[in-house]
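What's counted below: heavy atoms across the whole structure, side chains too, no hydrogens, waters or symmetry copies. Just so you know, these numbers come straight off a predicted model, no measurement behind them.
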Amino acid sequence: MINNVIIYYFSGTGNSKNVASWLHESATQMGINCQLLNIAAMERRIENNPANALIIIVSPVHGFNYPPLVLNFIARFPKGHNRVFLMCTRAGMLIGKYNLPGLSGMTFYLSSLILTLKGYKISGMIPVDLPSNWVSIHPGLNRPTVDYLYRRNHKKIIAIAQSIFSGKGVWTGLRDIIQDVLVMPVSLGYYFIGRFLFSKSFYASRECNDCDLCLQACPAKAIIKIDNRPFWTFRCESCMKCIANCPKKAIETAHGFIIGYLFLASMLTGLMFYYFERYVFQIESGFLKWIADSALTILLLGIAYRIIHYLMRFSFIERIMVFTSLTRFKFWGKERLRFFKVTSD
């Protein structure tokens, strides 16, 4: 029987926080000493973990990997010999009567490698398919779907907790290894490019009342104030906590801006590379050309987002941004993120 457990978690809209809380509840009922620690709230690097403690890390999957904030936390983890369980909450969906699971990608494998090199023993890889919150990509899930996925997975976590705290290994994550390997290239693309595109897709409409709740609640400290309005930096993890918590429903995803930017950026970067290779030198390596193109695309995105942020002080531009954002339409249902059983940090 395990006597000491430390649960580290990162959460946006509440999925991973709830999994961590369910585990904590089970441990407490079994008389196990259990600490519940929010990774985003930890200001100092961990110096060491108690030698006898079982460690559980719970985080959502972003782009088929742990978010950079969590990966950086794991990379800074001190050396040790504890047993570690890696858990992730994935984008669960429900189509008719069928539960559609998400994919973990390289979530477990990269983190396992890092921790194993530090001396830890990986004792389990456990995915949990809770409601997808990525309203930048798809409409919000309805309440019956959200409630069903919570009920189903709450029971699942209680059963898993019994196995974990009795000393058994749990390797359900390995069932998806073939699909996970196939999407690993997407994981890399998201980490080096995609997450930066998504970070610049958020903005506050004129409904914003300057309450600064989004700045205060952002777990990645990615939102700042520029021109007296919220401004999303490249640190954004796209966890959706800002959208879910905004009391005025003022935060939108700039679908029109991102689509228009990608179209214009592809032409602009193409022209720049054409003249560069014609008058300076030819880049022979396709990989180096991809790196240069990606870096230039992200640089131009930062400039374009700053310009749009400035121009949104004008009502005409602000209205264009709003009416080209799917999240502002009722059918998209961004307010359904409030159905999630978010627990306080």
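Annotation: the span from Ile126 atom CD1 to Ile157 atom CD1 amounts to 7.0 Å, rounded to 0.5 Å. Rounding to the nearest 0.5 Å gives a distance of 4.5 Å between CD1 of Ile39 and CZ of Phe73. Atom NZ of Lys121 and atom CZ of Arg83 lie 6.0 Å apart (nearest 0.5 Å). Here OH of Tyr148 is found 13.0 Å from CG of Asn142. Values are rounded to the nearest 0.5 Å. Atom CZ of residue Phe329 and atom NZ of residue Lys334 lie 11.5 Å apart, to the nearest 0.5 angstrom. Leu215 contributes atom CG, which lies 8.5 Å from atom CD1 of Ile224 (distance to the nearest 0.5 angstrom).
More than 12 heavy atoms of other residues, nucleotides or ligands sit less than 6.0 Å from atom CZ of Phe231. Within a 6.0 Å radius of NZ in Lys221, more than 12 heavy atoms belonging to other residues, nucleotides or ligands are found. Counted within 6.0 Å of CZ on Phe331, heavy atoms from surrounding residues, nucleotides or ligands total more than 12; the atom is thus considered enclosed. When the shell of 6.0 Å around CG of Leu271 is examined, it contains more than 12 heavy atoms from other residues, nucleotides or ligands.
No donor-acceptor pair closer than 3.5 Å links the side chain of Lys248 to the backbone N or O of Ser205. In this structure a side-chain-to-backbone donor-acceptor pair under 3.5 Å is present from Ser199 to Phe196. Side chain of Asp129 to main chain of Gly102: a donor-acceptor pair is present (N/O by atom type, distance under 3.5 Å, no hydrogens or angles). No donor-acceptor pair under 3.5 Å is formed between the side chain of Ser111 and the backbone N or O of Phe108. Thr233 places a side-chain N or O within 3.5 Å of a backbone atom of Ala222 that can act as its donor or acceptor partner. Formation of a donor-acceptor pair under 3.5 Å by the Glu252 side chain with backbone atoms of Val322 is not found in this model. Side-chain atoms of Lys200 come within 3.5 Å of backbone atoms of Trp232 as a donor-acceptor pair (strictly under, hydrogens ignored).
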Show, in sequence, the C-alpha distance, side-chain angles and deciding distance for Leu103 and Asp180, and conclude whether the side-chain contact (heavy atoms from CB on, under 4.5 Å) test is met. CA-CA 6 Å; Leu103 290 172; Asp180 289 339; 4.2 Å; yes
Would you please test Lys249 and Glu335 for side-chain contact (heavy atoms from CB on, under 4.5 Å) and show each step? CA-CA 7 Å; Lys249 302 180 183 178; Glu335 71 279 359; 4.1 Å; yes
How far apart are the C-alpha atoms of Ile308 and Tyr203, what are their side-chain angles, what is the distance that settles it, and do they pass the side-chain contact (heavy atoms from CB on, under 4.5 Å) test? CA-CA 10 Å; Ile308 286 294; Tyr203 68 91; over 6 Å; no
Determine, stepwise, if the pair Asn38 / Tyr9 fulfils side-chain contact (heavy atoms from CB on, under 4.5 Å). CA-CA 5 Å; Asn38 182 355; Tyr9 74 91; 3.4 Å; yes
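Gly105 approaches Met184 most closely through the heavy-atom pair O-CE, 4.0 Å. Nearest heavy-atom pair, Thr89 versus Val19, reported as atom, atom and distance to 0.1 Å: CG2-CG2, 3.8 Å. Of all heavy-atom pairs between Lys241 and Ala217, the closest is CD-O, 3.6 Å. In terms of heavy-atom proximity, Asn228 sits nearest to Lys225 at C-CD, 3.6 Å. Contact detail for Phe339 and Leu141: the closest heavy-atom pair is CD1-O, 3.8 Å. Annotation for Ala20 and Leu36: closest pair CB-CD1, 3.5 Å, computed over non-hydrogen atoms.
Relative ring orientation between Tyr305 and His309 is described as tilted, the plane-to-plane angle lying within the 30° to 60° band.
Side-chain contact between Arg206 and Arg319 is present, with at least one heavy-atom pair separated by less than 4.5 Å. With contacts defined as side-chain heavy-atom distances shorter than 4.5 Å, the pair Lys118/Ile74 does not qualify. The shortest distance between side-chain heavy atoms of Leu86 and Leu115 falls below 4.5 Å. Within the 4.5 Å cutoff, the side chain of Phe85 has no heavy atoms near those of the Leu23 side chain. Side-chain contact check for Thr145 versus Met93: every heavy-atom pair is 4.5 Å or farther apart. Looking only at side-chain heavy atoms (C-beta outward), Tyr150 and Asn18 come within less than 4.5 Å of each other. With contacts defined as side-chain heavy-atom distances shorter than 4.5 Å, the pair Arg90/Ser104 qualifies. Side-chain atoms of Trp171 and Ile122, non-hydrogen and from C-beta on, do get closer than 4.5 Å to each other.
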Atom pairs and distances, side-chain donor-acceptor, residues 130-140, under 3.5 Å, sequence neighbours left out:
residue, atom, partner, partner atom, Å
Ser132, OG, His138, NE2, 2.6
Asn133, ND2, Thr13, OG1, 3.0
Asn133, ND2, Cys239, O, 3.1
Ser136, OG, Thr253, OG1, 3.3

Side-chain donor-acceptor pairs of residues 294-303 under 3.5 Å, sequence neighbours excluded:
residue, atom, partner, partner atom, Å
Ser294, OG, Trp290, O, 2.8
Thr297, OG1, Asp293, O, 2.8

In residues 50-70, what donor-acceptor pairs under 3.5 Å come from side-chain atoms, sequence neighbours left out?
residue, atom, partner, partner atom, Å
His62, ND1, Glu237, O, 2.9
Tyr66, OH, Met87, N, 3.4
Tyr66, OH, Met87, O, 2.8

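In the hydrophobic clustering, where aliphatic and aromatic side chains (Ile, Leu, Val, Met, Phe, Trp, Tyr) are joined below 4.5 Å either directly or transitively, Leu213 stands alone.
Pairs engaging residues 238-271 under the ring-ring contact (aromatic ring centres under 6.0 Å, His included) rule: His255-Trp332 [sequence neighbours left out]. Among residues at least two apart or in separate chains, salt bridge (charged side-chain N to carboxylate O under 4.0 Å, His left out) pairs with a member in residues 295-313 are Asp227-Arg306, Asp227-Arg313.
The closest side-chain donor-acceptor pair between Ser238 and Arg195, if any, does not fall under 3.5 angstrom.
Under the 4.5 Å side-chain heavy-atom criterion for Ile, Leu, Val, Met, Phe, Trp and Tyr, Ile114 and Val84 are members of the same hydrophobic cluster. In the hydrophobic clustering of ILVMFWY residues, with side-chain heavy atoms under 4.5 Å counting as a link, Phe234 and Leu197 come out together. Residues Ile46 and Phe10 fall within the same hydrophobic cluster, defined by Ile, Leu, Val, Met, Phe, Trp and Tyr side chains chained together at heavy-atom separations under 4.5 Å. Under the 4.5 Å side-chain heavy-atom criterion for Ile, Leu, Val, Met, Phe, Trp and Tyr, Ile7 and Met125 are members of the same hydrophobic cluster. Note: the hydrophobic cluster containing Ile291 also contains Ile193 (ILVMFWY, side chain heavy atoms under 4.5 Å, direct or indirect links).
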